[in-house]
Amino acid sequence: MSAIALIFAGGTGRRMNNEGTPKQFLEVNGKPIILYTLERFEEHPAIDGIVIACLKDYIPLLERLVRQHGLDKVSAVVPGGSTGQASIRNGINAAMERYSPETLVLVHDGVRPLVDPDTISRVVRCAEENGNAFTVAPAQETVFYNENSDGTAGSILDRSRCHLLRAPQCMSLGKLSLLHSLAEADGKLDFIDTASLAAHYGERLFEVEGRPENIKITTPIDYYIFRAILEAQENRRIFGV
């Protein structure tokens, strides 16, 4: 079964508090964050193609980066939408013109550059066996459900049973397109991710536990954590520490 990555990078990064450059194009060690993400899928043998939904004004820059760095698996770069859901929908439309409905689609944030090859492999394998796969990470801190309106804590949840939804999130292209069509017909345009969309329409979700460093670069703190992780990985490669 073939598999592609759908990378959505249509956000402006308001929470990054930087002026001008969207977070996916911020550079770390001379390379934009989006490029780190794309290389993870370009280099993975299970990925046959890449579709990117990008901020419209940055498409020429992204296309130039794709050419310069030899990202041959990129088959389409399309404008993003006003929300993550809309950006993914634009990517789905482009994918439907190029791939069969049975193709597995790994939906992934452009600013989640630390996804590792093993997680990608296990996501593809789980989706092949079960019809979908959603990357998670164990909750590291206590979680409570805020059910009160008086400023007091609600129910304390069992941390051992709490997972954080991450990416990639995977299902067939045909199923993904159908779910987005249902949401549009129902006027539900604010799903936070593919998992929320699928769960709303009754899909049984299958988990794949990913590595804890597979973070999303959303705030300045995330940016510096990413830099530190890259430095640690480079030191490990050079010095074996």
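Only a predicted model underlies this, so the values are computations on that prediction, with no experimental measurement involved. Side-chain atoms are counted along with the backbone in the values below, which use heavy atoms only and exclude waters and symmetry mates.
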### Considering all heavy atoms, the nearest Met171-Ala198 contact
CE-CB, 3.8 Å
### Query
Taking the hydrophobic residues Ile, Leu, Val, Met, Phe, Trp and Tyr, and joining any pair whose side-chain heavy atoms are under 4.5 Å apart, which ones share a cluster with Tyr145?
Val143, Leu157
### Query
What distance separates Glu129 CD from Met1 CE, expressed to the nearest 0.5 Å?
10.5 Å
### Task
Verify the neighbour count for atom OH of Tyr201: are there more than 12 heavy atoms of other residues, nucleotides or ligands below 6.0 Å?
yes
### Query
Does the side chain of Ser87 pick up a donor-acceptor pair with the side chain of Asn90 at under 3.5 Å?
no
### Task
Applying side chain to side chain donor-acceptor pair (under 3.5 Å), run through Ser181 and Arg89 and close with a yes or a no.
CA-CA 9 Å; Ser181 295; Arg89 182 52 162 169; 2.9 Å; yes
### Task
Please name all residues satisfying side chain to side chain donor-acceptor pair (under 3.5 Å) with Glu213, sequence neighbours left out, ordered by chain then number.
Arg211
### Message
Let me confirm one number: the CD1-CG distance from Ile4 to Asp48, rounded to the nearest 0.5 Å.
### Response
9.0 Å
### Query
So, Ser121 versus Asp118: side-chain donor-acceptor pair below 3.5 Å or not?
no
### Message
Using 30° and 60° as the class boundaries, would you call the ring planes of Tyr58 and Phe25 parallel, tilted or perpendicular?
### Response
parallel
### Message
Do Leu61 and Ile50 sit in one hydrophobic cluster, given that two such residues count as connected whenever their side-chain heavy atoms are within less than 4.5 Å of each other, even indirectly?
### Response
yes
### Query
Hey, does the side chain of Gln85 reach the backbone of Phe191 with a donor-acceptor pair shorter than 3.5 angstrom?
yes
### Message
Please say yes or no: joined through hydrophobic side-chain contacts below 4.5 Å, possibly via intermediate residues, are Val105 and Ile88 part of one cluster?
### Response
yes
### Query
Which pairs pass ring-ring contact (aromatic ring centres under 6.0 Å, His included) with one or both residues in residues 89-108, sequence neighbours excluded?
Phe41-His108
### Which atom of Val77 lies closest to which atom of Cys54, heavy atoms considered
CG1-CB, 4.2 Å
